[in-house]
Asker: 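Got a structure for you, questions after.
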Amino acid sequence: MPKKEAGPETTSAAYEAMLPEWSIVSSLLGGTISMRDAGTSLLPSHENESDGAYQERLSRSVLLNLTSLTLDSWVGRPFRDPLKDSELPDDQRSWFGDVDKQGNGLDVWARNWFSDGLAKGLTHALVDFPRPRDTQSEEGRPRTLADDNQEGLRPYFVHVRPENVLFAHAEMIDGVEVLTHVRIAQTIVERDKYEEVVINQIKIFEPGHVEIWQEKNKNRSNARTEYTLVDAYDYDLDFIPMVTFYAYRTGFMTAKSPLLDLAYLNVAHWQSDSDQTNILTVSRFPMLAGSGIGEEDHMTVGPNTMLKTSDPQGRYYYVEHTGKAIAAGDQHLASLEDRMKGYGAEFLKKRPGRETATARALDSAESSSALQSTTIAFGDAVNELYRMAAAWQNSEPGTVEINNDFGADETDSRALDAIRDARAGRDLSREVFLHELVRHNVLSDDFDAAQNQSDLEAEATAILGSPAFNIDPGAPEPDTKRKPDPEKKPDDEGPDDK
């Protein structure tokens, strides 16, 4: 077979290697409808199963989407607190609330970008700039940055999903990996009178230059899809303004999704659950069978009919399912669910039997450090976007801060119990104890330990009428109740003691 002629739509080897994994994760994150749309690629048909029977089984299949639930729990940790923009210059802070020119603030936009990267292993973002209508000012002179500012032209972020980056090439320049060629697939929708027209196009980026190619021969079913150059222009940067966020990088434009193993388990659950639903349907309807029935014996089965046969030895009977396979299927599904939850966020984990505190601590620390390191890398990627935005504006780059201190497990009461016990046993100082309560979200981030100590001393003075003392969270509360006098006899009780 002759090799296909390369064109703008030609994909890279990295893209071809990653696409099957992206497809599986995307189908799962799309939910039940998306999984049904995937058809036999994720739910194979059984041998000799008719198309009608398969479609009926597919229509009854419902996804238990632990992949999506796990992703949401991971993404929620870094974005528990808003991103901090205190280190951004004023010109960039002014559009912090609308970074994509579609009304999305950085917190919302970055959360979606982070989620896509965790789900698929990597994702991309462009720092784009509106093309001015005129290359000259009204006075006829070349445009300046002041002209752009006056017209409200500024950089903005564009999330580019990995499935859309068909091809990317980089070179090592002074020891740094630098993009030199990128092709991005796009879809634009135009109006033609009363209907929409969908146009597929490919945008080619090289340092300082952009080309736009659009699809032609779209309606010729037997013709190879071709693209034609429809536009080209230069821009004022000597690099391609695209940033790739890697969750777990394995090479240039390749990565492993942290969710991939869970995704395979979720697909196995989807297939097993489909079989389980199908066998339940079959078992609920016993099969009518007969022996000694002649070909001349025609019958109609229903509530108001009678079965008969000309053979004296003939008989009718029902064959019912024993149910053993149903129980085995239930056990298999439960086992898959337990394994999936083990891949999830810590609060979804279930561990049978006893487990030592040391094992729990090591497990929690390992999972937290993996997510923390990924979050730190994501923060670097976001700040790289702002560096490129500053290059568009010829200004100094600013930085934003993202929370990467999640604690061992924000919802795990066992960790809090251990901290409380350590304080009671005087293994932790009061300062560390309060710090851990803040870190585990028991106390708010703006908790002021010094002010809290001052308030405690004031309360102690008011209650006890004595000089304030240092109230220790790990110490027992003072007993302020009046104790009986051991020398006083019951007969000596005064009127106020009765």
Side-chain angles (χ1 to χ4, degrees), residues 4-15 92 95 99-102 113 122-137 140-149 151-188 190 199-216 225-245 252-253 381 383-395 397:
K4 179 181 177 181
E5 182 180 353
E9 76 283 6
T10 301
T11 55
S12 67
Y15 180 90
Q92 293 180 3
W95 48 276
V99 296
D100 60 355
K101 282 189 170 290
Q102 296 182 18
W113 193 39
L122 61 89
T123 189
H124 317 277
L126 275 172
V127 184
D128 213 341
F129 197 92
R131 293 174 65 185
R133 297 177 181 177
D134 302 311
T135 58
Q136 294 182 333
S137 67
R141 56 177 173 76
R143 290 184 62 88
T144 64
L145 181 61
D147 295 323
D148 292 341
N149 293 336
E151 295 182 16
L153 302 182
R154 62 164 176 82
Y156 60 95
F157 300 161
V158 180
H159 177 197
V160 182
R161 300 189 181 279
E163 303 95 317
N164 291 347
V165 179
L166 305 179
F167 191 100
H169 181 74
E171 298 178 5
M172 297 299 295
I173 301 177
D174 296 330
V176 179
E177 187 178 80
V178 178
L179 288 172
T180 57
H181 183 91
V182 173
R183 298 201 293 270
I184 300 174
Q186 298 176 329
T187 299
I188 61 176
E190 296 181 351
I199 301 175
N200 295 322
Q201 69 178 27
I202 296 174
K203 204 169 185 179
I204 302 178
F205 286 84
E206 293 183 346
H209 184 71
V210 174
E211 293 181 353
I212 299 177
W213 295 67
Q214 289 187 352
E215 186 181 53
K216 66 177 184 178
T225 300
E226 297 180 0
Y227 287 80
T228 182
L229 180 65
V230 297
D231 194 8
Y233 60 92
D234 296 330
Y235 60 93
D236 297 330
L237 298 178
D238 59 358
F239 58 88
I240 298 174
M242 187 179 85
V243 176
T244 299
F245 160 55
F252 177 68
M253 293 297 162
N383 284 309
E384 180 68 8
L385 291 178
Y386 274 98
R387 185 191 70 79
M388 292 182 177
W392 275 113
Q393 296 181 304
N394 295 321
S395 63

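For reference, positions follow the sequence shown, starting with 1.
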Asker: Mind checking whether P155 and Q393 have side chains closer than 4.5 Å, heavy atoms only?
Answerer: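 Result yes, sub-4.5 Å side-chain heavy-atom pair found.
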Asker: Side chain to side chain contact (heavy atoms under 4.5 Å, CB included) between Y233 and V210: does it pass, once the steps are laid out?
Answerer: CA-CA 5 Å; Y233 60 92; V210 174; 3.6 Å; yes
Asker: Rounded to the nearest 0.5 Å, what separation is found between the OG1 atom of T10 and the CG atom of L166?
Answerer: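 That separation rounds to 9.0 Å.
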Asker: Which heavy atom in R183 sits nearest to a heavy atom in P8, and how many Å separate them?
Answerer: NE-O, 2.8 Å
Asker: Rounded to the nearest 0.5 Å, what separates atom CD1 in I240 from atom CD in E206?
Answerer: 7.0 Å
Asker: A quick test of your reading: do over 12 heavy atoms of other residues, nucleotides or ligands sit less than 6.0 Å from CG of D234?
Answerer: yes
Asker: Check step by step if side chain to side chain contact (heavy atoms under 4.5 Å, CB included) holds for H124 and L122.
Answerer: CA-CA 7 Å; H124 317 277; L122 61 89; 3.5 Å; yes
Asker: Are E215 and I199 side-chain neighbours, meaning at least one heavy-atom pair lies under 4.5 Å?
Answerer: no
Asker: Set out, in order, the CA-CA distance, both residues' side-chain angles and the distance that settles side chain to side chain contact (heavy atoms under 4.5 Å, CB included) for M253 and Y15, then state yes or no.
Answerer: CA-CA 8 Å; M253 293 297 162; Y15 180 90; over 6 Å; no
Asker: Can you tell me how far CD of E384 sits from CE of M242, rounded to the nearest 0.5 angstrom?
Answerer: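 Spacing of CE (M242) from CD (E384) equals 12.0 Å.
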Asker: Roughly how far apart are F252 CZ and M172 CE, rounded to 0.5 Å?
Answerer: 11.0 Å
Asker: For the atom pair CH2 (W113) and CG (D100), what is the distance rounded to the nearest 0.5 Å?
Answerer: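 Answer for the CH2-CG pair, W113 versus D100, is 13.0 Å.
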Asker: Report yes if the side chains of N164 and Q186 come closer than 4.5 Å at any heavy-atom pair, otherwise no.
Answerer: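 Side chain of N164 against side chain of Q186, heavy atoms only: no contact under 4.5 Å found.
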Asker: Are F205 and L179 close enough that some pair of their side-chain heavy atoms sits under 4.5 Å apart?
Answerer: no
Asker: What are the two closest non-hydrogen atoms of R154 and P130, and how far apart are they?
Answerer: O-CD, 3.2 Å
Asker: How far apart are the closest heavy atoms of H159 and T123, and which atoms are they?
Answerer: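 It is NE2-OG1, 3.0 Å.
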Asker: So, for V160 and V165, which heavy atoms are closest and what is the spacing to 0.1 Å?
Answerer: CG1-CG2, 3.6 Å
Asker: Rounded to the nearest 0.5 Å, what separates atom NZ in K216 from atom OG1 in T228?
Answerer: 5.0 Å
Asker: How far apart are the closest heavy atoms of Q201 and I212, and which atoms are they?
Answerer: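 It is OE1-CG2, 3.5 Å.
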Asker: Would you call Y235 and F129 a side-chain contact if the rule is heavy atoms closer than 4.5 Å?
Answerer: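 Result no, sub-4.5 Å side-chain heavy-atom pair not found.
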Asker: Show the numbers, then the answer: is there a ring pair (Phe, Tyr, Trp, His ring centres under 6.0 Å) between F157 and W392?
Answerer: CA-CA 12 Å; F157 300 161; W392 275 113; over 10 Å; no
Asker: Measure from NZ or CZ of R387 to the centre of the six-membered ring of F239 and say whether it is under 6.0 Å with the direction within 45° of the ring axis.
Answerer: yes
Asker: Going by heavy atoms in the side chains, are L385 and F245 under 4.5 Å from each other?
Answerer: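 Counting from C-beta outward, L385 and F245 never come under 4.5 Å.
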Asker: Do the side chains of L126 and I184 get nearer than 4.5 Å, heavy atoms only?
Answerer: yes
Asker: Under 3.5 Å, is there a donor-acceptor pair between the side chain of D174 and the main chain of V176?
Answerer: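 Between the backbone of V176 and the side chain of D174 there is no qualifying donor-acceptor contact (under 3.5 Å).
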Asker: Closest heavy-atom contact between Q214 and V230?
Answerer: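 Answer, listing the atom of Q214 first, then V230: CG-CG2, 3.7 Å.
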